[in-house]
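All of these numbers come straight from a predicted model, not from anything done at the bench. In what follows, every chain begins at residue 1, and chains take the letters A, B, ... in the order their sequences are listed.
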Protein chains: 2
Amino acid sequence: MTNENCASCLLKSKATKNLKASELNLLGENCVQVSFDKGETILKQNTLSTNIVYLKTGLVKLIADGPKRTQILKIKKAPCYLGLPTTMGDKINNYSIIALEKSVACYVEIKVFKELLKISPEFSYEIMLDLCQNELFLYKRFVKLLQNQIYGRLATNLLFFSNEIYGSDEFDLPLNRNEIADLICTSRETVSRLFTDFSKDNIIKIEGKHIKLLNKRKLEEISKNG
Amino acid sequence: MTNENCASCLLKSKATKNLKASELNLLGENCVQVSFDKGETILKQNTLSTNIVYLKTGLVKLIADGPKRTQILKIKKAPCYLGLPTTMGDKINNYSIIALEKSVACYVEIKVFKELLKISPEFSYEIMLDLCQNELFLYKRFVKLLQNQIYGRLATNLLFFSNEIYGSDEFDLPLNRNEIADLICTSRETVSRLFTDFSKDNIIKIEGKHIKLLNKRKLEEISKNG
DNA sequence: AGACTTTTGTGATATCTATCACATTTTTCT
DNA sequence: AGAAAAATGTGATAGATATCACAAAAGTCT
């Protein structure tokens with residue numbers, strides 16, 4: 001296992017900034033950096049969970065097989081930890097993680113990660129904070145998915161891409177229509193219809209994957225009321 | 001603030017079993033035990049989050065206002081921690097917690113809880129494990145809610161009550177029809193129709209809130225396939 | 001460049017569940 | 001015990017979205 005220089009890494013996590021030089025060294029000795037192309041699998045569902053993954057750069061989707069079809073659980077943007085719940089909470093990976101664009105990730109052995117949790121309370125605390133904030137985010141996200149109709153569900157996610165992922169009202173969607181359907185729990189035909197309707201109402205402008213939000217205020221209203 | 005004797009408490013959490021006598025004493029000095037009747041509010045949404053709650057005995061529901069109606073996020077049975085994500089992850093309580101039967105809870109000041117996290121890695125680790133397992137549970141629960149139709153959604157929850165809460169195929173539902181509708185995201189009329197259909201098919205026998213699962217295998221099949 | 005595969009858009013129809021209304025039953029309060 | 005309120009069950013109808021089919025457009029590979 002190659003030795004990564006975590007101390008000098010400019011993309012390390014907020015949590016690891018709490019670690020001493022010796023702790024960073026321990027981390028580096030048990031850490032491997034890997035590059036991924038779009039579509040490649042970073043972590044696979046139903047395999048043994050032996051590593052914590054830290055996403056240095058890129059964008060990924062967390063997916064799981066549901067009763068009827070694949071479900072996109074969440075989309076995460078670097079920098080962030082991936083697979084923490086499934087590695088610490090179970091022996092088997094409960095979901096897969098797929099790169100949505102070129103990405104770079106570091107794999108850390110679970111034993112080393114647990115050791116760092118024990119010897120650095122500040123590190124442990126930051127990780128716990130992240131878990132707590134993630135849970136609150138999941139509650140909000142799923143309640144909106146469950147209670148809104150499909151216009152509201154699509155609007156919510158378009159706003160998420162704009163505000164949280166790209167920081168812009170104009171961007172290339174990282175998902176095809178079928179994947180968007182997996183994200184908002186509908187069919188790909190319905191996604192097409194919604195994009196057509198939003199375009200006709202001058203709420204968005206879309207050409208293939210390139211999208212521009214024309215009436216963000218209206219999207220916010222649709223997102224809120226469903 | 002009265003001094004609770006946490007050291008001698010027979011209902012303390014697995015996590016606190018890692019604490020030394022001095023740490024338990026610190027906990028006890030900043031801990032208040034309160035009893036609740038069914039329907040009473042243990043933690044209220046949109047109030048300041050200043051306490052961690054440990055449920056010693058009883059059963060509770062976590063609820064939040066959604067775009068259309070109240071959503072039951074989760075039902076939790078003692079012994080367990082409540083409100084961890086919302087107290088550590090935000091300054092405001094993101095959801096309410098209501099007793100579904102007579103319950104006893106201990107309120108711990110967040111500052112003391114954080115202190116214990118810092119001084120006891122084993123305690124911290126157990127709390128983190130709990131957060132991770134909870135997140136996995138939420139993923140499974142919400143994916144089934146999102147993808148199954150209403151028969152599957154009701155079946156899943158009846159099995160949850162039977163297997164995880166009551167450990168019996170015969171029990172009193174802790175929720176009325178409207179609350180069950182809040183749990184599985186449907187209308188109270190639909191809940192009535194489903195109970196009627198399941199009764200007609202000899203899958204369950206229900207009289208008011210008293211229910212007996214007659215064909216658990218069938219419920220499992222419906223839960224799986226929706 | 002062209003063939004092949006994948007993705008997308010739209011029309012038509014079917015299915016599922018919400019909503020509304022109302023009556024009945026059960027529970028709560030005095 | 002009786003009145004009032006809340007909860008429940010059922011019927012009828014409306015609305016939302018899935019499904020199926022098919023054609024067209026876009027992307028990939030050789």
Side-chain angles (χ1 to χ4, degrees), chain A residues 37-40 66-72 98 100-101 144-158 172-201 204-211 222-223 225-226, chain B residues 37-40 66-72 98 100-101 144-157 172-201 204-211 222 225-226:
Chain A
D37 283 326
K38 174 184 168 69
E40 292 197 294
K68 299 223 183 326
R69 38 113 48 98
T70 293
Q71 178 70 49
I72 293 186
I98 313 291
L100 292 176
E101 63 184 40
K144 280 199 161 193
L145 276 178
L146 287 163
Q147 294 198 9
N148 274 345
Q149 293 185 327
I150 47 166
Y151 284 93
R153 302 211 296 269
L154 182 60
T156 297
N157 282 270
L158 291 180
D172 285 343
L173 286 164
L175 308 168
N176 64 26
R177 299 301 189 257
N178 205 52
E179 288 170 315
I180 294 175
D182 289 343
L183 180 64
I184 69 175
C185 317
T186 188
S187 67
R188 62 156 194 87
E189 293 94 335
T190 300
V191 172
S192 284
R193 294 188 221 283
L194 293 182
F195 277 141
T196 301
D197 290 345
F198 278 166
S199 294
K200 280 174 177 169
D201 293 342
I204 65 168
K205 184 178 183 211
I206 188 164
E207 288 173 8
K209 288 186 165 179
H210 196 74
I211 187 170
I222 295 169
S223 167
N225 299 323
Chain B
D37 283 327
K38 175 186 166 68
E40 292 197 295
K68 297 221 183 326
R69 40 122 36 108
T70 293
Q71 177 71 51
I72 293 186
I98 313 291
L100 292 176
E101 62 184 39
K144 281 197 161 194
L145 276 178
L146 286 163
Q147 294 198 10
N148 273 345
Q149 293 185 329
I150 48 164
Y151 284 93
R153 301 209 297 269
L154 181 59
T156 297
N157 282 270
D172 286 342
L173 285 163
L175 308 167
N176 65 24
R177 300 302 189 254
N178 206 52
E179 288 169 316
I180 294 175
D182 290 342
L183 180 65
I184 69 175
C185 317
T186 188
S187 67
R188 62 151 196 92
E189 292 94 337
T190 301
V191 174
S192 282
R193 294 188 220 282
L194 294 180
F195 277 140
T196 301
D197 290 345
F198 278 165
S199 293
K200 280 174 177 169
D201 293 342
I204 65 169
K205 183 178 183 208
I206 189 164
E207 286 173 9
K209 288 184 165 179
H210 196 72
I211 186 170
I222 295 170
N225 299 321

message: Of the listed nucleotides (D:dG9, C:dG11, C:dT19), which one gets closest to any side-chain atom of A:Arg193?
response: C:dG11
- request: Give the nucleotide from the list C:dA18, D:dT19, C:dT17 with an atom nearest to the side chain of A:Ser187.
  value: D:dT19
message: Measure NZ/A:Lys38 against C1'/C:dT6 and give the value in whole Å, please.
response: 14 Å
- request: Round to the nearest Å and state the distance from A:Lys209 atom NZ to C:dT6 atom P.
  value: 15 Å
query: Looking only at heavy atoms, which two atoms of B:Arg153 and B:Asn148 are closest? And how far apart?
result: NH1-O, 3.0 Å
- prompt: Of the nucleotides D:dT17, D:dG9, C:dG9, which has the atom closest to the A:Ser192 side chain?
  reply: C:dG9
message: Which heavy atom of A:Ala155 sits nearest to which heavy atom of A:Ile222, and what is that distance?
response: CB-CG2, 3.9 Å
field: B:Thr190 vs C:dA18: side-chain N/O to OP1/OP2 distance below 4.0 Å
entry: yes
query: B:Ile211 CD1 to D:dT8 P: how many Å, rounded?
result: 13 Å
- prompt: D:dG9 P sits how many Å from B:Ile206 CD1, rounded?
  reply: 7 Å
- request: For A:Gln149 and for A:Arg188, find the nucleotide of DNA chain C with the closest heavy atom, then tell me which residue's nucleotide is more 5'.
  value: A:Arg188
- request: Identify the heavy atoms of B:Gln71 and A:Gln147 that sit nearest to each other, and give their distance.
  value: OE1-NE2, 3.1 Å
A:Lys38, NZ: over 12 other non-hydrogen atoms inside 6.0 angstrom: yes
- prompt: For the residue pair B:Leu145 and B:Ile184, what are the closest heavy atoms and their distance?
  reply: CD2-CA, 3.9 Å
- request: Just compare D:dT17, C:dC20, C:dT7 and give me whichever is closest to any side-chain atom of B:Glu189.
  value: C:dC20
field: Integer-rounded Å distance: C:dT7 P and A:Ile180 CD1
entry: 13 Å
Shortest non-hydrogen contact between A:Ser223 and A:Thr156, atoms and distance: OG-OG1, 2.8 Å
- request: To the nearest Å, give me how far apart CG (A:Asn178) and C1' (D:dA18) are.
  value: 14 Å
- line: Per-helix bend value, the helix from C:dA1-D:dT30 to C:dT30-D:dA1, C1' rotation axes over five pairs per end, 10° rounding, shows 60°
field: B:His210 NE2 to D:dA7 P, straight-line distance once rounded to whole Å
entry: 21 Å
- prompt: Should we say atom NZ of A:Lys209 is surrounded by more than 12 heavy atoms from elsewhere, each under 6.0 Å from it?
  reply: yes
query: Please give, in whole Å, the distance from C:dT25 C1' to B:Asn176 CG?
result: 14 Å
